[in-house]
Visitor: 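Below you'll find the structure I mean.
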Amino acid sequence: MPFAASLALLFSSVTAWAQPSAATAPLTKFKSPVLTTPISAPPPKRELRGVWIATVENIDWPSRRNLTPEQQRQEYIRMLDQQQRTGINAVFVQVRPASDAFYQSSLEPWSKWLTGQQGKAPGWDPLPFLIEEAHKRNMEFHAWFNPYRGSTDTTTARLAPNHPYRQHPDWFFRYSGKLLYNPGLPEVRNYITKIIMDVVRRYDIDGVHFDDYFYPYPDPGQVIHDERAFAQYNEQQLSLPDWRRRNVNQLVQQVHDSIDAEKRWVKFGISPFGVWMNQASHPDGSDTKAFQGHTGLYADALEWLRQGWVDYVLPQLYWSTNFKLASYATLIEWWSRNRYDRHLYIGHGAYRMFESTKSDTTWRNPGELPKQVRLNRSYPTDISGSVFFSAKSVLNNPLKTTDSLRENLFRYPALLPTMPWKDAVPPRTPQGLTLVRAGGPVTLTWRPGPAAADGDSAHAFVVYRFARGEQPTPDDPKHILLIQPRAGRNSLAFIDTTAQVGIDYAYYITAIDRLQNESGPTRVTTLGSAAGPVIAQSDAEPAAAATPPVVPTPPVAAEPAVTEKPGTTKITRSAGSVTIKTKAKTKKRGFFSRLFGR
């Protein structure tokens, strides 16, 4: 994410950067009308809702460099608990801010923002804890790397002995008071890929994430000294701008291919500057007058999407809907047309509500951020979620907008969007669903199904509830009670304490795999609970099904079994309990099953 020093670039009207080369292919896509007023829509069942957790300069976590390990853990737990209450389901945690590490590494030094001194060990490895706590709360964990920043200053005397600069000073150039890796060197690309793959292999992350720092943001009077690399590694005789873009493209492709070969479920995404090109500079650019990532940072986000080198793109659109030089509404429409069937999430500048800037005063309106989220939802097939910079800004509830997310826009839980190009095979349906009710609360227990055809097992489970008279549908998140991580367990349980006495419910449980594919449902009902405590089981129980727990009940008079129409429900009442078994129809799939594609 941009520091204060480069924030001015976000709002500049720079248009004089180098023109695109002839190699930049026209996009020739139909231009859709720009929506400036959100289209009313029900809450989506699938939506990524994330926050960036910046560690550089202690922006978000840890808040200070002198915290003890226990203080660091407690601070992170409090942060995730609050984000969970807001409805956040993904965190993008900066694990390598400046060629340093927030994890145990044999390749790079411990971060000074963790211990106060680069290379000083914190006494624990934070990364497994950070990942585990996110997963406990059903949040995806994306490990955020800054690929090219070597140091935030050029005082090399403070670098740890194992900092890469000590062994390979030729890998770096100085620019605007920083040490930066030279993207034009093949050994640099190989090293950065090695760093990332070390984390991919050793830690249970869900994604690898890059921010917007590729070649440095331009600084007047500063020159990128990569002349030697340009002369040595430009076999195709490209222009300097095209060569620099090719260098970045090669790293992006190399990282993507390496991740895909190692762990196919780990996602790779990038958060580029919000403007690719202005229309005045390229006919397929956006109707904006701002700094351009393509020419200013040599970051060709559209090429990454065209080639399928990223699973998602997350442009930083930190402008308001009324900012004329780079309107939020204009840019989400442009990105939605140019996502090339990869996920498009939008980066929101929540921090801007704390600014007193005169350049974009719309951010003083408490309705601006909720409006942006609603505008995103006006593109339901193209925009798949929102990520806020940064976590602290969301926690501080600027202009009460976090309240608006928690109580309205993110009131209901959401599954993450699927990525069929990575995995389209759903997991098996949960088995052995059992219901026990003795009064109001309902206890559900179940087991994961066997592995799916692709070898994947259930990663989490979704519990839906429908009251009598409600239409069962899997697409309405209002009926989701819980998304429960499996966490390695082979027997799971949930107690619905919100169930009201005297009301019958149907519960549906599905399984989701690591990439959020959802199984068909298994169902159980409380039908008959008005007559007393009830034990019920889902459709067809395996022969070796475990015996459900027995709840002591007052005796009732034994009654003959009552069997309803075949394919519906069999009710048996005997002293002490009421047992209900629901059998699936074999001739025609039910409405709920058809919606699930089963």
Side-chain angles (χ1 to χ4, degrees), residues 31-52 83 85-90 92 139-140 269 271 274 286 311-323 326-350 352-353 362-363 365-389 393-394 398-419 462 473-480 483 516 518 595:
K31 184 174 180 179
S32 304
V34 175
L35 297 173
T36 56
T37 302
I39 297 174
S40 179
K45 176 185 169 180
R46 291 185 180 271
E47 183 176 60
L48 184 136
R49 304 165 180 173
V51 291
W52 278 291
Q83 300 291 0
R85 286 192 289 271
T86 301
I88 297 302
N89 60 16
F92 298 75
M139 296 177 178
E140 272 199 341
S271 180
S286 53
D311 297 305
Y312 65 84
V313 66
L314 173 47
Q316 298 172 32
L317 306 187
Y318 295 165
W319 304 278
S320 75
T321 50
N322 293 320
F323 189 66
S327 165
Y328 180 88
T330 297
L331 283 165
I332 64 169
E333 186 277 329
W334 185 89
W335 282 101
S336 72
R337 284 189 286 113
N338 293 288
R339 65 183 184 87
Y340 288 90
D341 293 324
R342 289 299 188 255
H343 283 183
L344 169 61
Y345 313 133
I346 303 299
H348 300 265
R352 303 221 52 216
M353 289 179 281
T362 301
W363 281 109
N365 182 345
E368 174 63 16
L369 191 64
K371 179 181 180 180
Q372 291 186 3
V373 174
R374 291 188 177 97
L375 276 171
N376 291 357
R377 291 178 177 178
S378 298
Y379 297 84
T381 60
D382 293 310
I383 298 179
S384 300
S386 298
V387 183
F388 305 98
F389 188 80
S393 298
V394 175
L399 305 179
K400 306 297 183 182
T401 53
T402 304
D403 291 342
S404 180
L405 296 177
R406 182 179 62 253
E407 298 170 6
N408 186 351
L409 293 167
F410 295 171
R411 177 180 176 184
Y412 301 107
L415 277 66
L416 293 161
T418 59
M419 291 185 170
V462 187
T473 169
D475 299 318
D476 189 347
K478 296 177 184 177
H479 294 284
I480 296 177
I483 304 173
Q516 299 291 303
E518 188 172 25
L595 282 176

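By convention here, the first residue in the shown sequence is residue 1.
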Visitor: Do side-chain atoms of T86 reach the backbone of I88 as a donor and acceptor pair under 3.5 angstrom?
Guide: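 Side chain of T86 to backbone of I88: no pair is present.
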Visitor: For the residue pair P398 and S393, what are the closest heavy atoms and their distance?
Guide: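 So the two residues come closest at CD-O, 2.9 Å.
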Visitor: Is there side-chain contact between I346 and Y328, with at least one heavy-atom pair below 4.5 Å?
Guide: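 Yes - at least one pair of side-chain heavy atoms lies under 4.5 Å apart.
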Visitor: Mind checking the OG1-NE2 spacing from T473 to H479? Nearest 0.5 Å is all I need.
Guide: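 Rounded to the nearest 0.5 Å, the OG1-NE2 separation comes to 7.5 Å.
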Visitor: Rounded at 0.5 Å granularity, tell me how far CG in L48 sits from CZ in F92.
Guide: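 Going from CG on L48 over to CZ on F92, the span is 5.0 Å.
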Visitor: Answer whether the closest heavy-atom distance between the side chains of S386 and H348 falls below 4.5 Å.
Guide: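 With C-beta onward as the side chain, the pair touches.
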Visitor: Is any side-chain heavy atom of R342 closer than 4.5 Å to a side-chain heavy atom of V313?
Guide: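 No, every pair of side-chain atoms sits at 4.5 Å or beyond.
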Visitor: Under the side chain to side chain contact (heavy atoms under 4.5 Å, CB included) rule, collect the residues that match up with D382, sequence neighbours excluded.
Guide: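 Per chain and number, D382 pairs via side chain to side chain contact (heavy atoms under 4.5 Å, CB included) with S336, R339, Y379.
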Visitor: With sequence neighbours excluded, what pairs up with Y345 under the ring-ring contact (aromatic ring centres under 6.0 Å, His included) test?
Guide: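 In terms of ring-ring contact (aromatic ring centres under 6.0 Å, His included), with neighbours along the sequence ignored, Y345 is linked to Y312, H343.
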Visitor: Less than 4.5 Å apart, any side-chain heavy atom of W319 and any of T330?
Guide: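 No, too far: nothing below the 4.5 Å cut-off.
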Visitor: Quick one, F388 with V373, criterion side chain to side chain contact (heavy atoms under 4.5 Å, CB included). Give me CA distance, side-chain angles, the key distance, then yes/no.
Guide: CA-CA 11 Å; F388 305 98; V373 174; 4.2 Å; yes
Visitor: Just jot down the side chain to side chain contact (heavy atoms under 4.5 Å, CB included) partners of N322, sequence neighbours excluded, or say none.
Guide: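 N322 satisfies side chain to side chain contact (heavy atoms under 4.5 Å, CB included) with S320, T362 once adjacent residues are dropped.
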Visitor: What distance separates I39 CD1 from L375 CG, expressed to the nearest 0.5 Å?
Guide: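 CG of L375 is found 9.0 Å from CD1 of I39.
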Visitor: Looking at L399 and P366, what are the two nearest heavy atoms and their distance?
Guide: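 Shortest heavy-atom contact: O-CB, 3.5 Å.
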Visitor: What salt bridge (charged side-chain N to carboxylate O under 4.0 Å, His left out) pairs are there with at least one residue in residues 370-380, not counting sequence neighbours?
Guide: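 Only E47-R377 qualify under salt bridge (charged side-chain N to carboxylate O under 4.0 Å, His left out).
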Visitor: Check L331 against G274 and note the closest heavy-atom contact, atom names and distance.
Guide: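 The answer is CD2-O, 3.7 Å.
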Visitor: Is there a donor-acceptor pair closer than 3.5 Å between any side-chain N or O of K45 and the backbone N or O of P474?
Guide: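 Checked: pair present.
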Visitor: Please check if the side chain of Q316 supplies one atom and the backbone of S271 the other of a donor-acceptor pair under 3.5 Å.
Guide: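 Pair found, side chain donor or acceptor close to backbone of S271.
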Visitor: How close do P44 and P477 get, heavy atom to heavy atom, and via which atoms?
Guide: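 Scanning both residues completely, I find the closest heavy atoms to be O-CG, 3.6 Å.
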Visitor: Angle class for the W52/Y318 ring planes (parallel below 30°, perpendicular above 60°, tilted otherwise)?
Guide: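 Answer is perpendicular, since the angle exceeds 60°.
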Visitor: Quick check against the 3.5 Å criterion: does R49 have a side-chain atom that pairs as donor or acceptor with the backbone of L405?
Guide: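 Flag not set: sc R49 to bb L405 has no pair under 3.5 Å.
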Visitor: Output yes when a side-chain donor or acceptor of N89 lies under 3.5 Å from a complementary backbone atom of A414, and no otherwise.
Guide: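 Yes: the side chain of N89 pairs with the backbone of A414.
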Visitor: Which residues pass the side-chain hydrogen bond (donor to acceptor under 3.5 Å, both in side chains) test with T321, sequence neighbours left out?
Guide: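 Partners of T321 under the side-chain hydrogen bond (donor to acceptor under 3.5 Å, both in side chains) test: E368.
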Visitor: Please report the closest heavy-atom contact between S378 and L35, naming both atoms and the distance.
Guide: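 Shortest heavy-atom separation between S378 and L35 comes out as CB-CD1, 3.6 Å.
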Visitor: Quick one: CZ on R85 to CD on E407, what's the gap to the nearest 0.5 Å?
Guide: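 Here the interatomic distance stands at 13.0 Å.
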Visitor: Please answer whether the main-chain N or O of S404 pairs with a side-chain N or O of N408 as donor and acceptor at a distance below 3.5 Å.
Guide: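 Pair absent, no side-chain N/O of N408 close to backbone of S404.
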Visitor: Could you tell me whether the side chain of L344 reaches within less than 4.5 Å of the side chain of P315, counting heavy atoms only?
Guide: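 Yes - at least one pair of side-chain heavy atoms lies under 4.5 Å apart.
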Visitor: Is there a side-chain contact between D476 and P42, using heavy atoms and a 4.5 Å cut-off?
Guide: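 The answer is no, as the side chains (C-beta and beyond) never meet within the 4.5 Å cut-off.
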Visitor: How many angstroms lie between atom OG of S384 and atom CG of L314, to the nearest 0.5 angstrom?
Guide: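 The distance works out to 11.5 Å.
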Visitor: Can you list everything that forms a side-chain hydrogen bond (donor to acceptor under 3.5 Å, both in side chains) with T401? Sequence neighbours excluded, please.
Guide: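 Partners of T401 by the side-chain hydrogen bond (donor to acceptor under 3.5 Å, both in side chains) criterion come out as none, since no residue qualifies.
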Visitor: Could you state the interatomic distance from CD1 (I483) to CG (L416), rounded to the nearest 0.5 Å?
Guide: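 Answer rounded to 0.5 Å: 8.0 Å.
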Visitor: Could you report the tightest heavy-atom contact between W363 and M353, atom names first, then the distance?
Guide: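 Minimum heavy-atom contact is O-CG, 3.4 Å.
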